[in-house]
Amino acid sequence: MIYDLGNRQWNIPELRTLLEELLPQKKQITDFEVTHNFQSIGTRIILLSALEITREKKEEKLILLSIEDITDKKIAFKKATESQQRFKNLVENAPYPICIFKDQNMILEIANDSLLKVWNVDRESAIGKPFLEIIPEMKDQPFMGYMQNVFKTGVTYYGNEEPAYFNIENGQQKIGYFNFVYQPYIENNGTISGVMVLATDITQQVLTRKKIEASEERFGAAVAAVEGIVWTNNAEGKMEGEQPGWSKLTGQSYEAYQGFGWATAVHPDDAQPTIEAWNEAVRDSKNFVFEHRVKLKNGNWGHFSVRATPLLDADRLVQEWVGVHTDISDRKQSEIEINYRKALLEAHNEASIDGILLVDAKGKILSYNHKFIEIWNMPNHIVEAKDDDAALAFAMAQLVNPSEYIDKVKYLYEHPTETSTDLLEFTDGKIVERHGYPVIAKDGSYYAWSWTFRDITDQKLYEQRIRQSEAHFRTMADLMPQKVWTADTEGNYNYFNKCWIDYTGLDFEESKDWGWKKAVHPEDWEETKSRWQQSITTGENFEMEHRLLNTEGVYNWHLTRGLLQKNEYGISKMWIGTNTEMQQMKEEEERRSDFIKMVSHELKTPVTSIKGYVQMLLMILSEENVEMFPVQIKNSLFRIDHQVSRLTRLITEMLDLSRIETGQLELRNELFCINDLVKEAIDDISLTNPKHIIITHPEFVCNIYGDKSRIEQVIINLVTNAIKYSGNSDTVEVRIREAANNNVAVSVKDYGIGIDVSEHKKIFERFYRVSGRIEETYAGFGIGLFIANAIIERHNGTIALESEKGKGTVFTFTLPVVC
Ligand code: ADP
């Protein structure tokens with residue numbers, strides 16, 4: 001046996017023995033590892049490689065042997081493997097997620113279960129794969145950036161509470177929160193070969209914390225949302241610590257509200273009951289509900305609803321009390337308002353002349369007033385018990401037609417949108433008007449039915465009487481020879497009598513509205529229309545003369561009058577009108593007027609001539625031979641002259657009258673001084689009326705433009721009247737003064753018999769004379785003032801009087817002044 005040991009060290013019998021053991025079995029050994037305990041060198045691991053060669057010539061066997069002591073290598077390797085395994089074990093068993101990524105592609109080299117669980121992947125499909133292949137959803141999340149940065153810079157990255165989103169089923173994502181470290185592996189040559197990821201899953205903590213935060217926020221929001229202020233008391237029911245809500249509400253200082261100090265802010269009337277109720281709630285650990293008044297910071301009292309509840313711990317012991325004060329001042333105010341309205345409504349109901357019954361949607365009695373009981377004669381026991389069925393039965397028993405009544409009631413209850421007005425006929429003859437209307441809520445549902453009952457028996461009787469009297473009136477009006485019509489207060493015609501219809505040939509339909517226009521002469525129409533409209537608007541009487549057409553096509557003069565009828569309260573009711581034919585009267589008047597004119601003319605000539613002769617005789621008498629004539633003759637002549645003057649004036653007046661009536665009064669206008677004219681006239685009158693003193697007060701001097709003789713006529717008329725009606729007085733005063741609007745006023749004042757106010761207007765009418773015992777002793781025709789008025793009107797002036805019976809009279813006329 002030849003051992004080529006190559007190395008002296010191995011030249012040892014043990015090795016030979018070992019080889020001898022091994023080799024006979026095999027001709028060749030390659031890389032055979034043997035662990036052997038050498039006596040000389042101890043246990044070694046050796047790597048053998050042996051080859052048996054047979055030398056043919058010498059027939060000897062040779063063994064080629066290579067041997068290497070790999071003990072140290074092996075030990076080092078084993079150590080390394082063990083440490084790696086330990087590390088792996090450590091990683092894999094770590095309770096927190098750990099993994100290692102290799103190179104820039106982030107190939108997952110190692111990952112523990114804890115991490116795989118977070119990622120929700122299995123080991124086989126994950127190890128050796130790039131990160132993004134394992135969890136593609138990380139592509140757009142910040143982790144990739146952090147990691148790449150660590151690979152690039154070699155700087156460790158600490159992530160804190162980073163959220164990560166993982167895809168789960170149905171396209172949903174779930175969130176996880178992590179604290180983590182990205183730790184780079186830096187090789188000796190400075191390159192970064194991998195990154196270890198150490199993560200702590202803090203999802204639960206974060207979510208819990210967030211939940212707490214959210215619930216705290218919600219609680220805060222809830223407190224803020226509570227309408228009112230929130231306070232706390234300790235378990236004994238005493239206020240303790242800062243109570244910002246309470247101090248803000250009441251303005252009480254910290255010291256003031258501690259313990260039971262808060263009660264001093266409660267209204268004195270409410271404080272004691274509050275404390276008692278509070279103590280009771282605290283004693284029994286039960287909710288506290290109360291209402292009281294609290295003095296507010298601004299000094300006013302506010303109404304508050306108080307609610308407090310005890311907070312219990314796990315052992316159900318009171319920890320503290322939480323209370324809320326809610327401002328109910330508005331509600332209190334509304335309660336007061338509602339009570340007030342209720343009282344008003346009740347009073348109103350009771351004061352009503354109608355019976356009022358309120359029933360709910362099902363027909364149950366809600367309320368009624370005493371008039372209701374009175375109308376229905378309802379026994380107390382029924383109404384007080386609000387016994388609907390009994391009330392209905394009782395009501396029906398009193399009606400002539402009960403089934404109609406009940407049918408209508410039923411119908412209305414089923415049709416709550418309708419209202420009704422019905423007449424109920426009672427068996428005792430009473431007639432009651434019933435109104436029913438639903439009480440509808442804003443949302444359209446109906447709450448109740450309101451029934452009102454009004455006893456209209458008297459009214460019905462009254463109506464019947466009215467109808468009868470109206471029928472009477474119509475019959476009467478139809479029989480009248482005059483035309484009669486009626487209209488409502490707005491002038492809408494409702495009746496024309498037979499005479500009107502017969503005369504005009506226009507029946508009611510043709511006459512109504514403005515149909516009667518057809519009967520009015522076209523020349524009179526405009527005035528008729530405007531005056532009638534004026535009367536309708538003002539309610540003043542309508543009176544005018546106009547021509548109306550008859551069926552024969554002839555217009556006859558009529559005096560039409562319309563009077564507005566009023567009831568005893570002065571409320572306008574209707575117009576009643578008449579058209580009285582006055583054609584004949586008109587014609588007669590014309591004839592009379594012509595006659596007067598003619599007579600006056602005829603009289604004027606002889607009277608003028610008589611006057612001339614008398615004047616001549618008087619002249620003769622005034623001369624030297626006056627003694628030849630007896631005094632009586634002279635006096636008689638004076639009297640004749642006076643009477644003839646009166647007669648002349650009368651005839652002049654008659655002629656003036658007919659001139660005025662026919663519009664032929666001519667004025668010869670000129671500029672003259674009114675004061676001079678007044679003086680002249682008074683001088684003349686004084687001559688013939690020596691017994692009277694006429695005093696003039698020329699307080700204003702001016703010119704006027706007009707017919708001097710006509711104005712003089714007016715002055716003479718007024719002064720002679722003043723003298724004529726002076727009674728026992730002998731003084732007349734004439735005053736000339738300035739009047740408003742650049743006018744002059746001439747007034748004639750006497751202290752005579754006076755004129756009653758009721759006559760003031762009438763005395764300016766032609767032929768009007770005041771009748772009376774005293775007045776009738778004075779001669780006259782009642783034309784003077786009519787003419788005076790017409791003259792002054794023609795001069796754009798006014799004439800008026802102030803007088804009372806027995807107290808004298810002042811007539812005043814005004815005329816425009818010319819400067
Ligand atoms: P007469 O010719 O009747 O006086 P007038 O037209 O002048 O006519 O007057 C009308 C009526 O007015 C008189 O009848 C008289 O009753 C009344 N009257 C006029 N002036 C006075 C007066 N100064 N005092 C009292 N009554 C007077």
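When a ligand or atom number is given, it counts from 1 through the structure's own listing order. Residue numbers run from 1 in the order of the sequence given. Just so it is clear, the structure is predicted and the values come from calculations on it, not from any experiment.
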Report task. Pick one of side chain, backbone, both or neither for how L785 approaches ligand 1, counting any non-hydrogen atom pair under 4.0 Å. Result -> both
Requested in this report: Answer yes or no: does an N/O atom from G754 fall short of 3.5 Å to an N/O atom of ligand 1?
Outcome: no
Query raised in the report: If you measure every N/O of G782 against every N/O of ligand 1, is any gap under 3.5 Å?
Result: yes
**Report entry** Of the listed options V719, D756, V770, L801, closest to atom 16 (O) of ligand 1 (non-hydrogen atoms)
**Finding:** V770
Report task. Can you figure out which of F764, Y768, F781, F811 has its heavy atom closest to atom 11 (C) of ligand 1? Result -> Y768
Report task. List the steps, then state whether side chain to side chain contact (heavy atoms under 4.5 Å, CB included) holds for I674 with F700. Result -> CA-CA 10 Å; I674 186 80; F700 181 63; over 6 Å; no
Query raised in the report: How long is the span from the OG1 atom in T605 to the CD1 atom in I610, to the nearest 0.5 Å?
Result: 11.0 Å
Report task. Identify the residue among N789, I792, V719, L815 that makes a side chain to side chain contact (heavy atoms under 4.5 Å, CB included) with V714. Result -> I792
Requested in this report: Go through L506 and F496 one step at a time and tell me if the side chain to side chain contact (heavy atoms under 4.5 Å, CB included) criterion holds.
Outcome: CA-CA 9 Å; L506 302 172; F496 288 90; over 6 Å; no
Requested in this report: Say whether T688 and H642, considering side chains only, have a donor N or O and an acceptor N or O under 3.5 Å apart.
Outcome: no
Atom indices of ligand 1 within 4.0 angstrom of [X] heavy atoms, with elements:
X: I753; answer: 25 (C)
X: T809; answer: 24 (N)
X: I783; answer: 6 (O), 8 (O)
X: I763; answer: 12 (O)
X: R769; answer: 1 (P), 3 (O), 14 (O)
X: I755; answer: 18 (N), 21 (C), 25 (C), 26 (N), 27 (C)
X: G780; answer: 2 (O), 3 (O)

Around [atom], find the nearest protein heavy atom and jot down its residue, atom name and distance.
atom: atom 23 (N) of ligand 1; answer: D750 OD2, 2.9 Å
atom: atom 7 (O) of ligand 1; answer: N721 ND2, 2.9 Å
atom: atom 24 (N) of ligand 1; answer: Y725 CB, 3.3 Å

Salt-bridge present ([X], [Y]; N to O < 4.0 Å):
X: E463; Y: K460; answer: yes
X: D676; Y: K679; answer: no
X: E470; Y: R474; answer: yes

Query raised in the report: Heavy-atom contact under 4.0 Å between K724 and ligand 1?
Result: yes
Requested in this report: Would you confirm whether D524, through its side chain, and R547, through its main-chain N or O, come within 3.5 Å as a donor-acceptor pair?
Outcome: yes
Report task. Would you please classify the geometry between the Y493 ring and the W532 ring as parallel, tilted or perpendicular, with 30° and 60° separating the classes? Result -> tilted
